[in-house]
Chemist: 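My questions will all concern the structure given below.
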Amino acid sequence: MHAYRTHMCGELRKTHVGQEVKLSGWISRVRDHGGVLFIDLRDKTGVTQCVVEENSPLLAEIEKWRVESVITIEGKASARTAETVNPKMPTGDIEIVIGKAVLQSAADVIPFQVAEDDGAGEDIRLRYRYLDLRREKMQRNITLRNGVIRSLRARMHEQDFQEFQTPILTASSPEGARDYLVPSRLHPGKFYALPQAPQQFKQLLMVGGFDRYFQIAPCFRDEDGRADRLAEFYQLDVEMSFVTQEDVFATMTPVVKGVFEEFADFTGAKRKVEWLPNLDYKTAMRKYGTDKPDLRNPLEIVDVTEVFARDDVEFKAFKGTIEKGGVVRAIRAPKVSAQPRSFFDKLNSWAQGEGAPGLGYILFEGTEGKGPIAKFVPAAAQEQLKKIAGLEDGDAIFFVCNKESEAAKFAGKARDKICDDMGNREKDVYKFCWIVDFPMYEFDEKAQKIDFSHNPFSMPQGGLEALEKQDPVTIDAFQYDCVCNGFEIASGAIRNHKPEIMEKAFAIAGYEKSVLEAKFGGMLNAFRYGAPPHGGCAFGIDRLVMLLADEPNLREVYAFVMNGQYEDQMMQAPSDASEQQLKDLHLKLAMPRTS
RNA sequence: GCGGGUGUAGCUCAGCUGGUUAGAGCGCCGCCCUGUCACGGCGGAGGCCGCGGGUUCAAGUCCCGUCACUCGCGCCA
């Protein structure tokens, strides 16, 4: 017989009755009845009940073993009597009558419960992650992660993509997030950077003629964390040669849609997967107030500036803003006349909490509009509102007034808040779409200059001609995102593979040719030796898994992960470097002043 | 860097307008229990009430500071 086991703990059924078996695993629960004792023995496949029978000489010893100790037991798989069968367990028809038992590794008293969710906080779960990982939910989430990655790989290989590894110790990139730096011992004063993404390498692989690249790529960004953002994370990184934007969508949509359909019922609920038509950036911002709209929310935003600009409308608070170039955005909330006054008051105080003066509204019930703003809007103007927003009797309309970008953004937040307060968000569905036509440039208010709004390597729509003739802020790029249920799950672009367009593109953003050469000389040179038109995208794998697992937090889908301050309390990272290490690296610390 | 929330037993939390000896559930330890499967019964241990300062006759409770965790803003091409 094998030293540790003949079967797994979730494996045994009625058909095994009578067999001598050996199981190894963790003591999940113990029920000690004095004379007879039950142990629920657990491994990754499940739980089997093991019994120490009355008068067993083993009882005195086994009684002392604590839960989460690792043991090996040997005994006969026996049928349970009719009264003692447990239909809730897959192995509930049988139990093992323990004949021999070995304590392989005793467990101290555990800091939180493993067999059940005792609500232990995240910090302690992370400190004892190996215990947390034994819990059913983490076993399931991590297994889901494995399934998703395996499925993504298979789907990419099926479409003739080749998988690559690219350098982890690489060069700092001047755009984007802060880099993690690694000091060089051999080159005093010089540093490697960990990649924020393998952007340039994947483009160089296209220049290298590999045609279709993918990688489950680790990415590193030294910016503050969020529930959906980590210092290190993984992307399904993709690049393709001789493609248009439509080719990228046609290739990647079935990959992601397929994976979601494969794992959509992970949480137990049947979930639909819907892929909606592409949405251009400007429309998304106007209708949803964000470039990553949650399309499960049926509410839409309309522009009603013209109504509040009318001479017969007296609402000064909005008028003043409109005269300064502001806009009024409105959200129709259908059939809310039965809502109590507190529904509207709560939304108003929510808006104030968000830093807005409030959230004005008009409720249409019967012949005239009601609400605090209604008296400033005469009947004719109310009719115009109804027409623009498609209002029906019983509907309310909420108003946001500000500079255009601020109004759009806040209306977007209000749209989500109103939807949730109404209980209107669709359930059990993943709604995807591609957001297209992102602007190439934007005006940076702080620096008072034109700058790239996204990826400087994106191809401007209209090419060199557009760069030469168009107002920069009106130029769109072949730059796109993929959005699901309010999360940006991918970002990508058709790249700019022509050095002369790149020079012009950087010049518009105020970068000298020398800067371009210094920072991107390697790639720019590559483009001078025959570069295929190419493009791609990168999906945030952790966010995909998070959506499928229905977790609110990325940390729930990683086996090992740092906390919100990017510290690993289990491994003690980051930690001090020794004098010798610093000396080897030619580093001296200049600590911040602690006042 | 900034703002909100939280911090009381190993874990999760209660503790009212400040008032005597700070509680509960789970866990832990001991005893009892022959069939449970969240086993049950009895008993017990365990607290710098995050830390420092202040107000007060009196502080877990109020004030100031600080630290930790968490969510968000900034940031994240």
Chemist: Could you check whether A:His33 and the base of B:C39 form a stacked pair, meaning centres closer than 5.5 Å and planes differing by less than 30°?
Modeler: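 Yes, the aromatic ring of A:His33 stacks with the base.
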
Chemist: Evaluate the criterion ring-ring contact (aromatic ring centres under 6.0 Å, His included) for residue pair A:Phe410 and A:Trp350; output intermediate values, then yes/no.
Modeler: CA-CA 12 Å; A:Phe410 187 64; A:Trp350 166 82; 5.5 Å; yes

Chemist: Calculate the interatomic distance between A:Phe233 atom CZ and B:C76 atom C1'; express it in whole Å.
Modeler: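 Checked: the CZ to C1' distance equals 9 Å.
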
Chemist: Taking the inter-plane angle between the rings of A:Phe249 and A:Trp434 on a 0 to 90° scale, is it parallel (under 30°), tilted (30 to 60°) or perpendicular (over 60°)?
Modeler: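 A:Phe249 vs A:Trp434 ring planes: parallel.
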
Chemist: Think A:Arg31 has a side-chain N or O under 4.0 angstrom from the OP1 or OP2 of B:G35?
Modeler: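 No, no such contact exists.
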
Chemist: Taking the six-membered ring for Trp, is the centroid-to-centroid distance between A:Phe520 and A:Phe506 below 6.0 Å?
Modeler: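 Yes - the distance between ring centres of A:Phe520 and A:Phe506 falls below the 6.0 Å cut-off.
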
Chemist: Quick one: on RNA chain B, does A:Arg66 or A:Phe112 contact a more 5' nucleotide (nearest heavy atom)?
Modeler: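 Its nearest nucleotide being more 5', the pick is A:Phe112.
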
Chemist: Figure out the CG/C1' separation between A:Leu194 and B:C76, and round it to whole Å.
Modeler: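 In whole Å, B:C76 C1' and A:Leu194 CG are 16 Å from each other.
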
Chemist: From the list B:C33, B:C37, B:A38, which nucleotide is the closest neighbour of the side chain of A:Asp32?
Modeler: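 Minimum distance to the A:Asp32 side chain belongs to B:C33.
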
Chemist: How long is the span from the CE atom in A:Met459 to the NE2 atom in A:His497, to the nearest 0.5 Å?
Modeler: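 It is 5.0 Å, given to the nearest 0.5 Å.
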
Chemist: Does A:Arg80 make a side-chain donor-acceptor contact with the base of B:U36, cut-off 3.5 Å?
Modeler: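 Under the 3.5 Å cut-off, the side chain and the base do form a donor-acceptor pair.
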
Chemist: Can you give the dot-bracket line for RNA chain B, where a pair is Watson-Crick or G-U wobble with both atom distances under 3.5 Å, crossing pairs use [ ], and | marks a partner on another strand?
Modeler: (((((((..((((.....[...)))).(((((.......))))).....(((((..]....))))))))))))....

Chemist: Using a heavy-atom cut-off of under 4.0 Å over every strand shown, decide if A:Ile110 touches base, sugar-phosphate, or nothing.
Modeler: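 It contacts nothing in the nucleic acid.
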
Chemist: Report yes if the side chains of A:Val30 and A:Phe38 come closer than 4.5 Å at any heavy-atom pair, otherwise no.
Modeler: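 No, side chains not in contact.
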
Chemist: Of the nucleotides B:G27, B:G35, B:C11, which one has an atom closest to the side chain of A:Val109?
Modeler: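 Ranking B:G27, B:G35, B:C11 by closest atom to the A:Val109 side chain puts B:G27 first.
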
Chemist: What's the gap between B:U66 and B:G30 when it is taken at their P atoms, as a whole Å value?
Modeler: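 Their P atoms lie roughly 47 Å apart.
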
Chemist: Round to the nearest Å and state the distance from A:Asn55 atom CG to B:C33 atom P.
Modeler: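 Distance check: A:Asn55 CG to B:C33 P gives 13 Å.
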
Chemist: Using the P atom as the point on both nucleotides, what is the distance between B:C2 and B:G15, in whole Å?
Modeler: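 Taking atom P in both B:G15 and B:C2, they lie 31 Å apart.
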
Chemist: Nearest-Å distance, NZ (A:Lys64) to P (B:G30)?
Modeler: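 Computing the A:Lys64:NZ to B:G30:P distance gives 10 Å.
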
Chemist: Can you classify the ring geometry of A:Phe452 versus A:Tyr511 as parallel (below 30°), tilted (30 to 60°) or perpendicular (above 60°)?
Modeler: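 Ring orientation of A:Phe452 relative to A:Tyr511: parallel.
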
Chemist: Rounded to the nearest Å, what distance is computed from the CD atom of residue A:Glu68 to the C1' atom of nucleotide B:C28?
Modeler: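 After rounding, the gap between these two atoms is 15 Å.
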
Chemist: Considering only side-chain heavy atoms of A:Val67, which listed nucleotide, B:A38, B:U36, B:C28, is closest?
Modeler: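 Of the candidates, B:C28 comes closest.
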
Chemist: What contact category does A:Gln113 fall into here, base, sugar-phosphate, or nothing, at under 4.0 angstrom with non-hydrogen atoms?
Modeler: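 Sugar-phosphate: the residue A:Gln113, judged by heavy atoms under 4.0 Å, touches backbone atoms but no base.
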
Chemist: Write down the distance separating the C1' atoms in B:G65 and B:U55, rounded off to the nearest Å.
Modeler: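 Result for the C1' pair: 15 Å, nearest Å.
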
Chemist: Given B:A38, B:U36, B:G10, identify the nucleotide with an atom nearest to the side chain of A:Pro111.
Modeler: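 Among B:A38, B:U36, B:G10, the one nearest the side chain of A:Pro111 is B:G10.
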
Chemist: How many whole angstroms separate atom CD1 of A:Ile124 from atom P of B:A9?
Modeler: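 It works out to 11 Å between those atoms.
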
Chemist: Would you measure the distance from the C1' atom in B:G50 across to the matching atom in B:U70 and give it in whole Å?
Modeler: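 Between the two C1' atoms, the distance is 15 Å.
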
Chemist: Any non-hydrogen side-chain atom of A:Glu500 less than 4.5 Å from a side-chain atom of A:Phe527?
Modeler: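 Sidechains of A:Phe527 and A:Glu500: no contact.
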
Chemist: For the P atoms, the ones on B:G23 and on B:G46, what distance do you get once it is rounded to whole angstrom?
Modeler: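 My reading of the P atoms in B:G23 and B:G46 gives 13 Å.
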
Chemist: Contact class for A:Gly121 vs. all strands (heavy atom < 4.0 Å): base, sugar-phosphate, or nothing?
Modeler: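 If one applies the 4.0 Å heavy-atom cut-off, A:Gly121 turns out to touch the sugar-phosphate alone, with no base involved.
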
Chemist: What contact category does A:Ser453 fall into here, base, sugar-phosphate, or nothing, at under 4.0 angstrom with non-hydrogen atoms?
Modeler: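 Result for A:Ser453 = sugar-phosphate.
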
Chemist: Can you confirm whether A:Gln199 sits close enough to A:Asn455 that some side-chain heavy atom of one is under 4.5 Å from a side-chain heavy atom of the other?
Modeler: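 Side chain of A:Gln199 against side chain of A:Asn455, heavy atoms only: contact under 4.5 Å found.
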
Chemist: Along nucleotides 65-73 of chain B, 5' to 3', which nucleotides get a B, which get an S, and which get a -, given that the test is a protein heavy-atom distance under 4.0 Å?
Modeler: ----SSSSB

Chemist: Tell me whether the side-chain N or O atoms of A:Arg125 pair up with the base of B:C11 as donor and acceptor below 3.5 Å, since no angle test is needed here.
Modeler: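 When only heavy-atom distances are counted, A:Arg125 does not reach the base of B:C11 through any donor-acceptor pair under 3.5 Å.
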
Chemist: For the residue pair A:Phe112 and A:Tyr128, categorise the inter-ring angle as parallel (less than 30°), tilted (30 to 60°) or perpendicular (more than 60°).
Modeler: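 Plane angle over 60°, so perpendicular.
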
Chemist: Check every strand shown and say whether A:Val114 touches a base, only sugar-phosphate, or nothing at a heavy-atom separation below 4.0 Å.
Modeler: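 No contact at all - A:Val114 keeps every heavy atom at 4.0 Å or more from the nucleic acid.
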
Chemist: Is there a donor-acceptor contact under 3.5 Å from the side chain of A:Thr45 to the main chain of A:Gly10?
Modeler: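 The answer is yes, because a donor-acceptor pair under 3.5 Å joins these two groups.
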
Chemist: Considering only the P atoms, how many Å lie between B:A59 and B:C69, rounded to the nearest integer?
Modeler: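 Between the two P atoms, the distance is 30 Å.
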
Chemist: Which sits closer to the 5' end of RNA chain B, A:Phe457 or A:Gly34, going by the nucleotide each is nearest to?
Modeler: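 Upstream on the strand: A:Gly34.
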
Chemist: B:C11 P sits how many Å from A:Leu131 CG, rounded?
Modeler: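 Atom-to-atom, A:Leu131 to B:C11, this comes out as 13 Å.
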
Chemist: Can you tell me, in whole Å, how much space there is between the P of B:G7 and that of B:G60?
Modeler: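 B:G7 and B:G60 have their P atoms separated by 15 Å.
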
Chemist: Rounded to the nearest Å, what distance is computed from the CG atom of residue A:Leu59 to the C1' atom of nucleotide B:C33?
Modeler: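 My rounded result for the distance is 12 Å.
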
Chemist: Could you tell me how far B:G54 sits from B:G18 if I compare only their C1' atoms? Round to whole Å.
Modeler: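 My reading of the C1' atoms in B:G18 and B:G54 gives 15 Å.
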
Chemist: Starting at CD1 of A:Ile124, measure out to CZ of A:Arg129 and round the result to the nearest 0.5 Å.
Modeler: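 It is 13.0 Å, given to the nearest 0.5 Å.
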
Chemist: Report yes if some heavy atom in the side chain of A:Asn297 is under 4.5 Å from a heavy atom in the side chain of A:Arg415; otherwise report no.
Modeler: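 A side-chain contact exists here, since the closest heavy-atom pair is under 4.5 Å.
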
Chemist: Can a donor-acceptor pair under 3.5 Å be found between the side-chain atoms of A:Glu95 and the base atoms of B:G35?
Modeler: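 Such a pair exists between side chain and base.
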
